[in-house]
Amino acid sequence: MKKLTDREIQELFDRGEAHELSGETGLYKNVFEALKKEPAHKLSVDFSNTIVNKVTSKTSRVEKFLYVICGIGVLSTLVLGVVLIKIFASPTMITYLPYMGIGFVMIGVLHWLDKYSRLSILEID
């Protein structure tokens, strides 16, 4: 006898021909009968909202942590850049420090616009 798929076994049970099957089909019969019964306990109406709130709150905590890490990285890069320019650069190169600050601000503004505006730069769906 060929090996039947789950769908074929279900169809045999639905047609009442399952008595012809052998072996592990008894397990399928038990599963199908258990699935037909209504569960003994009921979930609250607000159950799905509770689960969604828990998942989103964990996500927001992780997101906040990543923003803090990113902020520390950007700030340390800016400070390190300024220190290295002060140590190794000529006095005329120091005049370019405000442009580096403007670059960091622009990156932050573009990130904010991309995250919170409806006109996202990167649409990934």
Side-chain angles (χ1 to χ4, degrees):
M1 179 175 189
K2 73 173 188 159
K3 178 109 172 117
L4 297 174
T5 64
D6 291 340
R7 183 179 301 266
E8 291 170 336
I9 294 172
Q10 173 67 43
E11 289 171 1
L12 287 173
F13 275 110
D14 290 342
R15 290 191 306 244
E17 300 172 3
H19 62 278
E20 299 170 8
L21 301 175
S22 63
E24 65 188 49
T25 56
L27 299 174
Y28 285 99
K29 182 178 179 183
N30 292 340
V31 169
F32 295 140
E33 287 176 1
L35 288 174
K36 289 179 185 178
K37 295 178 184 173
E38 195 66 31
H41 64 282
K42 301 284 184 187
L43 296 175
S44 68
V45 178
D46 200 34
F47 178 75
S48 62
N49 291 336
T50 306
I51 298 298
V52 169
N53 289 338
K54 284 183 181 180
V55 170
T56 56
S57 70
K58 287 181 182 178
T59 303
S60 65
R61 276 189 260 148
V62 169
E63 201 171 278
K64 288 177 186 176
F65 175 73
L66 290 177
Y67 276 121
V68 168
I69 296 296
C70 184
I72 290 171
V74 168
L75 187 63
S76 62
T77 302
L78 182 62
V79 169
L80 183 65
V82 169
V83 168
L84 290 176
I85 288 174
K86 286 267 192 187
I87 293 173
F88 297 110
S90 65
T92 56
M93 195 170 195
I94 294 174
T95 59
Y96 294 110
L97 286 178
Y99 299 115
M100 190 167 77
I102 290 171
F104 277 109
V105 169
M106 289 303 296
I107 289 171
V109 167
L110 286 174
H111 173 71
W112 183 83
L113 285 173
D114 185 47
K115 181 156 181 72
Y116 295 107
S117 71
R118 291 183 181 259
L119 302 172
S120 182
I121 295 170
L122 298 174
E123 288 290 333
I124 302 174
D125 286 331

Quiz item: If two hydrophobic side chains count as joined below 4.5 Å and joins carry through other members, does Phe65 share a cluster with Ile72?
Solution: no

Quiz prompt | side chain to side chain contact (heavy atoms under 4.5 Å, CB included) partners for Leu78, two or more places apart | solution = Met100, Phe104

Exercise. Using the test side chain to side chain contact (heavy atoms under 4.5 Å, CB included), find all partners of Val105 that sit at least two apart in sequence or belong to another chain.
Key: Val109

Self-check item: Test side chain to side chain contact (heavy atoms under 4.5 Å, CB included) applied to Val83 - qualifying residues, sequence neighbours left out
Solution: Val79, Ile87

